[in-house]
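Report on the following structure.
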Amino acid sequence: MTTKYEALTGAEAAALAMKQINPDVVAVYPITPQTPIVMKFSEYVANGEVDTEMVRVESEHSAMSATVGAAGAGARAMTATAANGLALMWEIVYIAASTRLPIVMGLVNRALSGPINIHCDHSDSMGARDSGWIQIYSENAQEVYDNYFMALRIAEHKDVLLPVMVCQDGFITSHSVENVLPLEDAQVKKFIGKKNFKGLLTSEKPYTIGPLDLQDYYMEHKMQQHDAMKHVIPVIEKIQKEYAETFDRKYEIIEEYRTDDADMVIVGMSSVMGTVKDVIDMMREEGIKVGAVKPRLFRPFPAEKIKNVLSKFKAIIILDRSDSFGSFPPLYGEILASFFAAEKKPYIKSFIHGLGGRDTNVEMIKEVISELQKLRDTGESNFTIDYLGVR
Amino acid sequence: MKNIFEITWYGRGGLGAKTGAILLADAAITANKFVQAFPEYGPERQGAPIKVYNRISDDPVRVHTAITNPDFIIVIDPSLIESIDFEEELKDGGKILINTDKTPEEIKTKMKLGSKDANIYTIDATGISIKFLGKNIPNIPILGAFSDITKMIEIGEIKKHLHEKLITKYGQDIIDKNIQALEAAYSEVKQ
Amino acid sequence: MAVILKNEINKQVPLNGGHRMCPGCPVPVIVKQVLMSTDHPKIVANATGCLEVATTIYPYTSWNVPWIHNAFENAGATISGVVAAYEAMKRSGELPEKNKDAKFIAFGGDGGTYDIGLQSLSGALERGHNFLYVCYDNEGYMNTGIQRSSATPIGANTTTTPVGKKSWGKTQPRKDLLSIVAAHHIPYAASVAPHDYNDSMAKSKKAIEVNGPSFLVYFSPCIPGWKIASDVSFELSKIAVQTCFWPLVEIENGEWSLTGDSKRIAEGKKEKLPIEDFLKTQGRFKHLFKPKLQEDVLKIIQNDIDKSWNFYKKMAGYTD
Amino acid sequence: MSKEIKKGWKEIPIGGLLLDAGNSREYETGTWRTFKPIHNAEKCINCYFCWEFCPDNSILIKDDKVVGMNYFQCKGCGVCAAVCPTKAIEMVKEEK
């Protein structure tokens with residue numbers, strides 16, 4: 001294994017992972033801040049470093065449509081998008097999942113208009129949370145890179161056969177150069193293996209893909225999707241374990257940070273959790289027993305695990321990078337639901353942060369921790385939702 | 001986070017600040033450091049003032065926020081000098097490196113420093129660049145000056161990195177010229 | 001090239017019976033003409049619409065060829081992905097031998113082609129994928145209940161352009177999709193009428209076998225949408241050509257020509273019938289004749305037909 | 001209409017995939033008919049126009065001869081009779 005770090009942005013890490021996967025087909029349309037993935041991958045194609053048939057489509061709708069066509073025909077097919085691009089492909093995002101095509105899509109999280117904004121939040125992927133895709137969230141460029149390979153294995157697993165979104169934070173991760181430790185091409189090839197799903201349009205007998213499915217069978221097909229999602233968590237655990245054993249890189253579905261003796265934690269996803277970890281280290285020096293919990297998987301939601309992890313604490317604050325107007329922010333809402341049947345419930349509070357790329361800085365996280373202490377001690381703000389850093 | 005060295009570059013869009021920050025990050029990685037390099041993105045086009053950031057540390061860098069109080073400010077385009085609030089921005093005791101043919105004393109009067117205790121350095125990166133490379137690419141001389149001032153990254157590491165980075169794309173001649181520019185800058189920093 | 005039906009009857013048809021298309025709908029015949037025009041293995045993508053809905057009601061399929069439906073507006077993009085997959089798998093040596101010679105055909109109605117799917121079609125044509133796109137043009141959104149499309153002819157009564165005290169139906173002429181497609185400078189495009197199976201199958205064969213994207217727009221009467229009897233589609237197809245409502249056009253590498261009866265009319269060997277002969281056959285134009293003859297509207301429609309006919313004649317080199 | 005036994009979610013392929021090409025041959029659309037085509041072999045010249053234009057693939061051919069209709073699927077549209085040059089197909093009212 002290489003031990004040499006490279007300076008890569010999250011987008012470059014994604015493109016490098018795609019190059020090493022060497023997919024049969026990539027159909028993609030550029031959108032900020034996903035563009036550097038497309039540009040870098042185009043370079044790989046231009047230089048003959050991949051065997052990929054690249055389809056430079058005329059819209060995201062066609063990107064996902066062509067990806068579905070390619071995957072249906074039996075190709076390892078990938079795409080990437082962000083925000084409004086994901087919104088434009090929305091209809092086909094559902095079709096990809098319900099047709100059970102193991103597509104891997106890079107999603108560079110960006111605020112979904114309007115007003116138009118090109119910076120990070122999770123409103124795009126959270127809107128697609130019920131589309132039937134698996135969603136993995138990455139904290140930094142290294143995680144982005146590693147997640148791609150695991151995502152491919154998860155998507156193509158015979159018990160799963162569902163598409164996967166590998167999410168990274170727009171600009172914050174996608175455009176930030178960080179240390180990334182790449183794997184050798186041969187190692188990647190060996191880990192991802194040969195595709196084990198059938199080419200439905202190259203089969204011995206002609207198949208019909210995507211028929212009209214009415215009242216008499218539609219629910220049976222939905223039940224199959226429902227059931228497939230139940231297999232995902234054990235499959236991910238197995239693949240993460242294999243990844244750790246093969247490459248000495250350990251990933252958990254729910255990552256805990258300094259929780260051993262903590263009585264309160266911050267829960268959140270993606271890049272903000274790096275900042276949270278640093279602030280926790282600072283607070284620890286002041287004797288404040290705070291920790292962090294980072295779900296890497298949002299769909300399927302690891303409800304049982306999250307309940308088990310979080311029920312150890314007296315108070316928890318959930319950081320959501322998107323709102324669900326008129327209801328509970330997504331991560332907060334899922335965690336509330338996970339606790340419904342629990343006997344022991346911590347005090348819980350929600351902060352919505354970082355919308356449209358608003359910098360969630362160290363001072364804000366300190367404020368969250370101070371709120372957390374109050375919550376732990378008094379329970380006063382239990383079940384409240386606030387915006388962090390809004391004027 | 002205490003051990004992270006933070007840098008803010010001031011430049012103009014399309015004129016090298018971003019490339020400079022990435023080069024610095026690259027070189028720092030060659031020197032076994034952990035890094036970040038990221039621009040502050042807006043819709044601006046070529047020529048607009050921009051900020052680019054670097055973090056350099058011996059430990060993995062986890063924080064993902066903008067840099068508001070850097071240890072080090074690099075001004076790659078001297079025409080921006082009067083618009084930067086050094087007093088507000090710079091960490092106490094921090095350092096400022098300016099691409100100019102003037103001395104720190106000469107340029108200090110134009111800078112908004114207030115009561116800030118700052119160490120100011122200048123380097124004629126543009127002049128050096130034109131002399132050795134034939135065009136205005138001030139990044140390489142800036143890196144040489146940065147190495148000289150901070151001693152964080154040995155000039156030898158930068159040379160090694162430049163060699164690795166440029167050899168396939170540009171060949172030995174270009175590398176030699178870049179290294180000459182780097183070395184010239186290393187010895188021409190004014191304080 | 002005449003098609004000898006005796007050679008066709010023992011071949012497997014691409015589309016079985018037992019589908020739920022309306023009685024007398026010509027679309028299954030169109031599919032048959034296109035797919036039986038060549039012996040290559042064929043892969044089909046289908047836009048949402050009557051054909052897709054009625055031939056694949058789970059758990060039944062009428063298709064004897066590999067077939068994929070994705071959505072309404074994306075048959076062009078879907079087939080692009082399929083073609084790309086085949087190209088990649090051909091290179092990687094993964095493609096089964098029997099599929100190496102496969103041809104790719106997308107079917108869509110006028111809704112999925114003229115309107116909501118035009119961008120996807122245009123993208124696929126511009127990218128130059130090797131496939132044939134067939135639009136069965138029944139001149140309206142028939143699958144959703146006979147709403148107007150940009151292919152609906154001027155004067156037609158539809159559920160979104162209903163005839164009323166102040167309305168004589170759709171007031172805009174049909175979009176000239178063939179010219180739009182031709183502007184992509186693809187190697188082959190043509191308009192087809194299914195009654196003339198010799199012409200249809202010859203064009204289909206050329207379109208499928210040409211290297212690069214190709215396009216066919218098929219005249220396709222809709223029994224309920226046009227308010228016609230279930231047995232008249234092919235007779236109507238003939239009249240449509242003879243009135244120059246539906247000129248038979250062929251565009252090969254930028255060279256425009258007329259075929260079949262259209263060619264005969266242009267060359268003065270056959271009479272061009274008045275548009276009333278076409279309009280009178282269909283309930284969707286009934287209001288133009290009853291309760292009173294709307295001569296002014298008929299004049300507008302005839303002018304429109306003449307304009308388009310003159311355009312095609314000019315493009316085919318019959319006039320300057 | 002034929003009664004089919006509907007399968008459960010564990011028994012059908014995932015993704016809505018249909019594996020049995022052309023199985024609509026088993027689906028009866030003959031019940032749609034109000035008129036029924038009757039083939040008269042004596043008048044028939046075996047031009048196969050009926051075969052070419054039948055939208056329901058319901059013209060039966062044996063040894064290159066039209067021998068009648070597949071009434072299990074024929075919807076009675078009358079196209080075969082309309083395109084027949086020798087009037088060898090007659091549409092009669094369906095009696096059930």
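All figures in this text were calculated on a predicted structure; none of them were measured in a lab. Residue numbering restarts at 1 for every chain, and letters A, B, ... go by the order of the sequence lines.
Here the straight-line distance linking atom CZ of C:Phe107 with atom CH2 of C:Trp67 works out to 11.5 Å at 0.5 Å rounding.
Highest contact tally toward chain D, considering only C:Met36, C:Lys32, C:Gln33, C:Glu235, is held by C:Lys32 [criterion: heavy-atom pairs under 4.5 Å]. Per-residue heavy-atom pair counts under 4.5 Å with chain D were compared for C:Ile223, C:Asn10, C:Val13, C:Leu15, and the maximum is reached by C:Val13. Between chain D and the options C:Asp231, C:Asn64, C:Thr61, the largest number of non-hydrogen pairs under 4.5 Å is found for C:Thr61. Counting heavy-atom pairs under 4.5 Å between each of D:Ala21, D:Pro55, D:Gly76, D:Ala82 and chain C puts D:Pro55 at the top.
Contact of C:Pro194 with chain D is made through the backbone alone, with heavy-atom distances under 4.5 Å. For D:Asp20, the part sitting under 4.5 Å from any heavy atom of chain C is the backbone (N, CA, C, O) and nothing else. If you measure heavy-atom distances from C:Lys6 to chain D, the contacts under 4.5 Å come from both the backbone and the side chain. Contact of D:Cys80 with chain C is not made at all, since no heavy-atom distance falls under 4.5 Å. Both the backbone and the side chain of D:Ser24 come within less than 4.5 Å of a heavy atom in chain C. For a residue to count as touching a neighbouring chain, one of its non-hydrogen atoms must lie under 4.5 Å from one of that chain's; by this rule C:Gln12 does not touch chain D.
One side chain, C:Arg20 or D:Tyr27, offers a donor N or O that lies under 3.5 Å from an acceptor on the other. Of the N and O atoms on the side chains of C:Trp63 and C:Thr56, not one donor lies less than 3.5 Å from an acceptor on the other residue. Counting only N and O atoms by type, the side chains of C:His40 and C:Asp101 include a donor and acceptor under 3.5 Å apart. Between the side chains of C:Ser230 and D:Lys75, not a single donor N or O lies within less than 3.5 Å of an accepting N or O.
In this structure, D:Phe49 and C:Tyr197 have perpendicular ring planes: the angle between them is above 60°, well past the 30° mark. Note: C:Phe219 and C:Phe245 have perpendicular aromatic rings, judged against thresholds of 30 and 60 degrees for the angle between ring planes.
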